[in-house]
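Notes for the one structure printed next.
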Amino acid sequence: MTFVSSFLTRRAAPLGGVLLAGLLAACAPTQQAAPPTVTARTAASSVSFYPREAGLAWSYLPEGEAAGSDPYILRTLGPTLYNTQQVEALELRGRGASTQWYRRFDAGGVTLLGIAKPGVNVMLEPGWQEWPAENAWRLGATWGGETRATVRDDAGTVKAQGTVTYRYLVQERRRVTVPAGSFDVWVVTRQVSDTLGGLFPATQQVWFAPFVGEVRTPEGLLLTGRNYASGEGK
């Protein structure tokens with residue numbers, strides 16, 4: 001069994017955060033204490049359209065799961081270097097899973113450059129455009145592209161390479177209610193195909209709220225809380 005196929009067959013139930021079910025589900029859920037409550041607070045006025053400030057945190061549960069279950073906690077880790085590029089790191093932890101995303105935030109939107117979990121690093125060249133420029137949001141907006149994914153192990157050995165093609169479509173703007181509150185979201189459909197045997201889920205729906213982040217992740221996780229206020233979700 002190849003490195004990638006073995007990696008793919010170790011999936012558990014969808015976990016989530018910003019974008020990749022297979023990477024998050026490499027470890028089966030284990031019973032453990034809920035992650036400690038994050039106490040850092042960030043003023044609403046200092047949170048970006050695409051939230052990335054150090055100290056921010058969000059909690060999520062799988063769609064349809066009862067309240068009170070152990071959440072997945074997404075945190076911003078701050079600036080770092082990834083493949084010699086200045087990026088922002090975000091980390092999701094919970095139920096035995098640990099995944100980091102390396103993103104670039106600029107006037108053009110949000111670009112994903114890499115994903116890492118214990119034992120696996122997926123580098124994307126050129127970067128995958130996740131979100132457009134702030135002023136590009138409108139009904140019917142589309143964007144997409146193609147990137148080459150290189151999968152390495154902890155020793156840096158290349159285990160697989162392939163092409164990933166992606167396309168986003170903004171379907172509607174609507175008010176939704178989730179455990180964290182009510183939000184005005186953009187409903188986005190993301191379609192992905194790859195030559196790595198289905199490393200990325202084919203079709204997902206994401207709910208994005210400006211200054212809040214993903215209210216529903218591509219993996220079907222719903223926002224249950226966050227450690228800052230932005231005038232939404234009250």
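For Pro126, the side chain to side chain contact (heavy atoms under 4.5 Å, CB included) partners two or more places apart in sequence, or in a different chain, are Thr147. Listed by chain and residue number, Glu65 satisfy the side-chain hydrogen bond (donor to acceptor under 3.5 Å, both in side chains) test with Ser69 (two or more places apart in sequence, or in another chain). Partners of Glu63 by salt bridge (charged side-chain N to carboxylate O under 4.0 Å, His left out), not counting sequence neighbours, listed by chain and number: Arg216. Scanning for side-chain hydrogen bond (donor to acceptor under 3.5 Å, both in side chains) contacts around Gln85 gives Arg104, with sequence neighbours left out. Remark: Trp207 engages no residue in a ring-ring contact (aromatic ring centres under 6.0 Å, His included) (not counting sequence neighbours). In this structure, Ser193 has no side-chain hydrogen bond (donor to acceptor under 3.5 Å, both in side chains) partners at least two apart in sequence or on a different chain.
Within the 3.5 Å criterion, the main-chain N or O of Tyr72 finds no donor-acceptor partner in the side chain of Arg95. Checked by atom type and distance alone, the side chain of Asp194 pairs as donor or acceptor with a backbone atom of Leu199 at under 3.5 Å. Listed for the Asn121 side chain is no donor-acceptor partner under 3.5 Å among the backbone atoms of Ala116. Formation of a donor-acceptor pair under 3.5 Å by the Tyr50 side chain with backbone atoms of Pro132 is found in this model.
For the residue pair Gln161 / Thr150, a side-chain donor-acceptor distance below 3.5 Å is found, with atom types taken as modelled. No side-chain N or O of Thr195 forms a donor-acceptor pair with one of Thr163 less than 3.5 Å apart. Side-chain contact, Glu53 with Ser48: a donor N or O sits under 3.5 Å from an acceptor N or O.
Using bins of under 30°, 30° to 60° and over 60° for the plane-to-plane angle, the ring pair Tyr82/Tyr102 lands in the parallel bin.
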Go through the steps to decide whether Phe105 and Trp131 satisfy the test ring-ring contact (aromatic ring centres under 6.0 Å, His included), and finish with yes or no.
CA-CA 9 Å; Phe105 295 80; Trp131 299 126; over 10 Å; no
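In summary, Arg175 and Asp184 engage in a salt bridge, as defined by a charged side-chain N under 4.0 Å from a carboxylate O.
Because its NZ or CZ atom is not both nearer than 6.0 Å to the ring centre of Trp58 and within 45° of the ring axis, Arg226 does not count as a cation-pi partner of that residue.
Remark: of the listed residues Gln204, Gln171, Gln205, Gln171 is the sole one forming a side chain to side chain donor-acceptor pair (under 3.5 Å) with Thr189. For the ring-ring contact (aromatic ring centres under 6.0 Å, His included) criterion with Tyr168, the lone passing option out of Trp137, Trp186, Trp143 is Trp143.
Taking CG of Leu90 as the start and OG1 of Thr99 as the end, the distance is 12.0 Å to the nearest 0.5 Å. Considering CG of Leu124 and CD1 of Ile115, their distance stands at 5.5 Å, rounded to 0.5 Å.
Using a 4.5 Å heavy-atom threshold, the side chains of Val120 and Asp153 count as separate.
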